[in-house]
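Since the model is a prediction, treat every value here as computed from it, not as a measurement. Every chain is numbered from 1 and lettered A, B, ... according to where its sequence line falls, protein lines coming before strand lines.
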2 protein chains.
Amino acid sequence: MPENFSSLRVEAVDMMRQKGINPTRQRIEIAQAIFVKPQHVSADQVLSLVNKRHHSVSKATVYNTLGLFARKGLVREVIVDPSKVFYDTTTSPHHHFYNIDTGELMDVEIDSLLLAELPVLPEGTVAEAVDVVIKIRNLPAVN
Amino acid sequence: MPENFSSLRVEAVDMMRQKGINPTRQRIEIAQAIFVKPQHVSADQVLSLVNKRHHSVSKATVYNTLGLFARKGLVREVIVDPSKVFYDTTTSPHHHFYNIDTGELMDVEIDSLLLAELPVLPEGTVAEAVDVVIKIRNLPAVN
DNA sequence: CTGTGTGCAAAGCTTTTGCACTACT
DNA sequence: AGTAGTGCAAAAGCTTTGCACACAG
């Protein structure tokens, strides 16, 4: 059975409602594009995905919507490189491998890396998120 | 006694030689600007610092040189926000607090946060760096 | 004279802003 | 009609590229 788009659509709308996001046409299209499966996407990948079917969402709206989704907790912003922001559709706490050579981003199970204790926070602040990025590179082929 | 610029200059040149970087006029000016004290600077802060005395280094060269310094291990790239890259003159392993409200970046002692174990790396790769950024925000004032 | 390395103007990105428009009250 | 929220073209800002120049062999 092929991907059921209408149920994905319903899910996307529900998700947004739960987070207090007004589900407009553009936001629904973006949500449908990214929540097909767990993945890491950049803003312009989303733009192409959405406009594959028919030109219907502007660049600015894609950026603004992804930012909104991130603030509301629907996606997770992962910043790995100057001018390379990824949006991760998996929002449960976890960390990342970033392959410097290939640009590939992979999830790391939260419990395969033990963060034993948080340092004392500066006075008058609260922790919002802890981002761990392990930068890896390919082993040079042995000749 | 005021800051001794000529000895800073010599140190900067030595540093670069040790890392195999050709110490050109522009690179020396940039090094002198950033290694005055341990600090976090962005590319355009460096640009202003360098050109405060007299316009002498272009924007492109500042970007390229900071990238070079980072690759060679003279500074550490810390990426905290889309289009906000900091260069940290402290290169020993440590982590960061990033205050979302103020944009301030602070060092966290390496041993105040225990990374118990590294996860298994993907086949054929080596870890290059582990970046931990703890995003914090100011507590709302209680009324 | 040739080849390698460097610096920078300009090009090419990504992201943000400000305003027109919509959709409620 | 007034108000709050939304989408997008254009502006702004950041980073990279490609080429002219310098310098060493």
Next item on the list: Decide yes or no on side-chain hydrogen bond (donor to acceptor under 3.5 Å, both in side chains) for B/Tyr98 and B/Asp81, but give the supporting numbers first.
Entry: CA-CA 9 Å; B/Tyr98 176 61; B/Asp81 228 352; 3.0 Å; yes
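Close to C/dG7, at under 4.0 Å from its OP1 or OP2, lies a side-chain N or O of B/Thr24. Within the structure, a side-chain polar atom (N or O) of A/Arg27 is placed less than 4.0 Å from OP1 or OP2 of D/dG7. For D/dG7, neither phosphate oxygen OP1 nor OP2 lies less than 4.0 angstrom from any side-chain nitrogen or oxygen of A/Thr61.
A donor-acceptor pair is defined here as one N or O able to donate and one able to accept, closer than 3.5 Å; no such pair exists between the side chain of B/Asp44 and the backbone of B/Leu47. Of the possible polar contacts, none joining the A/Thr125 side chain to the A/Leu121 backbone as a donor-acceptor pair under 3.5 Å is found. Under the 3.5 Å distance criterion, the side-chain polar atoms of A/Asn51 are matched with a main-chain donor or acceptor of A/Ser56.
Residues B/Ile34 and B/Tyr87 have side chains not in contact (no heavy-atom distance under 4.5 Å, counting atoms from C-beta outward).
Counting any heavy atom pair closer than 4.0 Å across all strands shown, A/Asn64 reaches a base atom.
Atom pair A/Tyr63:OH and C/dC13:P shows a separation of 11 Å (rounding to whole Å applied). A/Glu29 has its CD atom 10 Å from the P atom of D/dC8, to the nearest Å. Between the CD atom of A/Gln45 and the P atom of C/dT14 there is a distance of 10 Å, rounded to whole Å.
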Between the protein and nucleotides 21-25 of chain D, list every N/O to N/O distance that falls short of 3.5 Å.
none

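Looking at the side chain of A/Ala43, the nearest of the listed nucleotides D/dT15, C/dT15, C/dT16 is C/dT15. You'll find that the side chain of B/Lys59 is closest to D/dT15, out of D/dC8, D/dT15, C/dG7.
Of the options A/Ile136, A/Val132, A/Asp107, a side chain to side chain contact (heavy atoms under 4.5 Å, CB included) to A/Phe97 is made by A/Ile136 and by none of the others.
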